[in-house]
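Below: the structure, in structure tokens.
Lettering follows sequence order; numbering is per chain, from 1. Just so you know, these numbers come straight off a predicted model, no measurement behind them.
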Protein chains: 2
Amino acid sequence: MADDIPDIVIGRLPIYLQALTRMIEDGDKTTTSSQELGERLGISSAQIRKDLSHFGEFGKQGTGYHINYLVEQLRRILHLDREWPVALVGAGFLGHALAHYGGFKRRGFRISWIFDVDAQTVGQKLNDITIRHVDNLEKVIRREKVQIVVLAVPAVAAQGLADRLVDAGVGAILTYAPISISVPPGVQVQYSDPVVQLQRMTYYLDAE
Amino acid sequence: MADDIPDIVIGRLPIYLQALTRMIEDGDKTTTSSQELGERLGISSAQIRKDLSHFGEFGKQGTGYHINYLVEQLRRILHLDREWPVALVGAGFLGHALAHYGGFKRRGFRISWIFDVDAQTVGQKLNDITIRHVDNLEKVIRREKVQIVVLAVPAVAAQGLADRLVDAGVGAILTYAPISISVPPGVQVQYSDPVVQLQRMTYYLDAE
DNA sequence: TAGATTGTTAATCGATTAACAATC
DNA sequence: TAGATTGTTAATCGATTAACAATC
């Protein structure tokens, strides 16, 4: 399978997966069409068909897509046909929210290790996981071959931790720190900063 | 000022603003160039110049951009030259994390109202704000002319709340619910779903 | 002046959409 | 068969980049 799929296509697949999973939960039908899916997501049907066509032929003319089958295929394509263990760095308010979030396990991920720098916090349990000192970060990452890490730490700590994680072999970082981090090519980074997201909308609001 | 600025350009401006603000904090220089800014962000210098050129001429040949001035201009363009009051719906773990997040006030936002549906939670204080029952949502939104709302609620509740918010006049919604919501044209929506972000990266990881 | 860097143009690149033959 | 919908092609649209005159 050729590996020149545009990033932007990969980025939409989880959205398709989410909508399809919800259709299964709703349970009122077993097939869907690119048009129906597109209407739910505000995406053109042509784009959905085009995106999927990068990976194979999953539908049938006249009837559309079998939802269960398409979900299965998307999971396979996105490597979600397994459970990914995740390390969380930072056990503040955000770390707590993430540690308690039930959506991870349900959708293919499991927070398995939690690190913090604060001596008061280290040793406590957070949703059944004992918080380790961040000094042990590389040791655990290497030993457990952790590939995915979530950073819920202040901006000043983010780049240093990213460097250490990359060095220890991590391949994907989801960071909540409000700062751009620099990693070598091939290492994946996703950013989540609520303020940046709000700032993307105020342009369109009346400054009354 | 013409209003055909691509969304994708607007989306990058907060990132520029973030990096420039950090340069100010670092305090080691007063000017920067499109090249330097681009290197920090992994964006080409040409793109930064092009993006800025939609709004005016902010630099000087030979010397680049005065950081303070460019920050001021970006704030003006993005309507961040004021403090935006924000309503938060959902006072669970994520709501707590958001309510305690110091980054809002520092960067132009203030969580001013918090709503929840749980009778136990309503009436309690969260970072000095009394949690109201979500039944009062429209009343407060209308009276206070709230334009921005953050949804930290389960997926099942998101669309219903979005409908109510839009009806009450809200113009921008940041939602953490793992579901696509549908709003009329002109209403802004930003999504934040950690699982979707993780799922965008696993494709590139070895499924060892 | 010489060096640096902008703002802008034109070229390139890539993504989206429209349309339709194929076919369930 | 008639209707529906796919997968794919070609056209369109839009975004990025390279290059450079202008100028600080």
**Request:** Pick base, sugar-phosphate or nothing for Ser45(A), based on heavy-atom distances below 4.0 Å to the nucleic acid.
**Result:** nothing
**Request:** Identify the residue among Asn127(A), Leu126(A), Val150(A) that makes a side chain to side chain contact (heavy atoms under 4.5 Å, CB included) with Ile114(A).
**Result:** Leu126(A)
**Message:** Test of understanding: with side chain to side chain donor-acceptor pair (under 3.5 Å), list the residues that count as partners of Glu72(B), not counting sequence neighbours.
**Reply:** none
**Prompt:** What's the CD1-P distance between Ile48(B) and dT5(C), to the nearest Å?
**Reply:** 13 Å
**Prompt:** What is the distance from CD of Gln35(A) to P of dT6(D), rounded to the nearest Å?
**Reply:** 8 Å
**Asked** Taking protein heavy atoms under 4.0 Å as touching, what does nucleotides 11-19 of chain C look like 5' to 3' if B marks base contact, S marks sugar-phosphate-only contact and - marks none?
**Response** ----SBBBB
**Message:** Testing the basics here: between Phe104(A) and Leu98(A), what is the closest heavy-atom pair and its distance to 0.1 Å?
**Reply:** CE1-O, 3.4 Å
**Asked** CD of Gln61(A) versus C1' of dT6(D): gap in Å, rounded?
**Response** 4 Å
**Item:** Phe93(B), CZ: over 12 other non-hydrogen atoms inside 6.0 angstrom
**Value:** no
**Message:** What is the distance, to the nearest angstrom, from the OH atom on Tyr65(B) to the C1' atom on dA4(C)?
**Reply:** 13 Å
**Fill in**
Lys60(B) atom NZ is separated from dT6(C) atom P, nearest whole Å, by 12 Å
**Request:** Over all heavy atoms of both residues, which pair between Leu20(A) and Ile67(A) is shortest? Give the atoms and the distance, please.
**Result:** O-CG2, 3.6 Å
**Message:** Let's see if you get this right: which residues in residues 22-29 of chain B place a heavy atom under 4.0 Å from DNA chain C?
**Reply:** none
**Request:** Ignoring hydrogens and angles, state whether a donor on the side chain of Gln73(A) or Arg76(A) is under 3.5 Å from an acceptor on the partner side chain.
**Result:** yes
**Under 3.5 Å side-chain donor-acceptor pair for Asp193(A) and Gln199(A)** = no
**Identified pairing partner of dA11(D), criterion: Watson-Crick or G-U wobble below 3.5 Å** = dT16(C)
**Request:** Return the value, rounded to whole Å, for the distance between atom CD of Glu36(B) and atom C1' of dT5(C).
**Result:** 13 Å
**Request:** Answer yes or no: does a side-chain N or O of Ser34(B) lie under 4.0 Å from OP1 or OP2 of dT6(C)?
**Result:** yes
**Item:** Between C1' of dT23(D) and CD of Glu57(B), the distance in whole Å
**Value:** 11 Å
**Request:** Specify the separation, in whole Å, of atom CG of Leu37(A) and atom P of dT5(D).
**Result:** 13 Å
**Message:** With a 4.0 Å cut-off on N to O distance, would you call Asp26(B) and Arg40(B) a salt bridge?
**Reply:** yes
**Message:** Please check this pair: side chain of His66(A) against backbone of Thr31(A), looking for a donor-acceptor N/O pair closer than 3.5 Å.
**Reply:** no
**Item:** dG3(D) - base-pair partner by Watson-Crick or wobble geometry, distances under 3.5 Å
**Value:** dC24(C)
